[in-house]
Amino acid sequence: MENSDERVDKLDVIFTMQKALDGYITRERGLDFSQSEWIQKRMLALISELAEVLDEVKFKWWKNSAPIDSDALKEELVDVLHFYIGMCIDAGMTADEMYDIYLRKNKENYDRQNGLSAKKGYSLSGEN
């Protein structure tokens, strides 16, 4: 990808690149799964990658502690993103739609914490 002075939407780029990679893998490996099967398979892969994140942060308290390899951790987190974005694409979500839904949900999460949501049980004061 060429550098330019124009601002690029990085989330759009990620979605485009993931769609291309998934299409390539599907074609080259002759894969043919339903939408539901793709999401299930990607979820299993995502769970596997999350387990690798856990391994990188040395979660095993019964073992001797060791420093975290920051580069390896970041790579595992990007692997998680690959499968997550693939599921979003499988669900028909665009980068713009993800952004819009994220904004709404983020506001709702703040509202919940501040007792401003119709959903009860989240207020920091414990009143609702």
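By convention here, the first residue in the shown sequence is residue 1.
At most 12 non-hydrogen atoms from other residues, nucleotides or ligands lie less than 6.0 angstrom from CG of Asp32.
In this structure, the separation between CE on Met17 and CG on Asp12 is 13.0 Å, given to the nearest 0.5 Å. How far CE of Met43 is from OH of Tyr84: 9.0 Å, rounded to the nearest 0.5 Å. Distance CD1/Ile39 to CG/Leu44: 12.5 Å, rounded to 0.5 Å. In this structure, CG on Leu11 lies 8.5 Å from OG1 on Thr94, to the nearest 0.5 angstrom. The CG atom of Asp9 sits 9.0 Å away from the CD1 atom of Ile14 when rounded to the nearest 0.5 Å.
By the side chain to side chain contact (heavy atoms under 4.5 Å, CB included) test, Ala45 pairs with Phe83, sequence neighbours left out. Remark: Phe33 pairs with Trp38 by the ring-ring contact (aromatic ring centres under 6.0 Å, His included) rule, at least two apart or across chains. Scanning for side chain to side chain donor-acceptor pair (under 3.5 Å) contacts around Glu52 gives an empty result, with sequence neighbours left out. Annotation: salt bridge (Lys or Arg N to Asp or Glu O under 4.0 Å) contacts of Glu97 (sequence neighbours excluded): none. A search for salt bridge (Lys or Arg N to Asp or Glu O under 4.0 Å) contacts involving Lys107 returns Asp111, not counting sequence neighbours.
Met98 is connected to Ile101 through a chain of hydrophobic side-chain contacts under 4.5 Å among Ile, Leu, Val, Met, Phe, Trp and Tyr, so both are in one cluster. Note: the hydrophobic cluster containing Phe15 does not contain Val13 (ILVMFWY, side chain heavy atoms under 4.5 Å, direct or indirect links). By the rule that hydrophobic residues join a cluster once side-chain heavy atoms approach within less than 4.5 Å of another member, Met93 and Leu81 end up as members of one cluster.
Residues Lys119 and Arg112 approach most closely at CD-NH2, 3.5 Å, considering heavy atoms. The heavy-atom pair separating Gln35 from Ala91 by the smallest distance is NE2-CA, 3.7 Å.
Checked for salt-bridge contact, Arg104 and Glu108 miss the test: no charged N lies under 4.0 Å from a carboxylate O.
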Only pairs under 3.5 Å count here: list side-chain donor-acceptor contacts from residues 53-80, not counting sequence neighbours, and write none if there are none.
residue: Asp69; atom: OD1; partner: Asp71; partner atom: N; Å: 3.2
residue: Asp69; atom: OD1; partner: Ala72; partner atom: N; Å: 3.1

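For the salt bridge (charged side-chain N to carboxylate O under 4.0 Å, His left out) condition, the pairs that include at least one residue of residues 14-29, sequence neighbours left out, are Asp22-Arg42. Within the structure, no pair that satisfies the ring-ring contact (aromatic ring centres under 6.0 Å, His included) test touches residues 90-116, not counting sequence neighbours.
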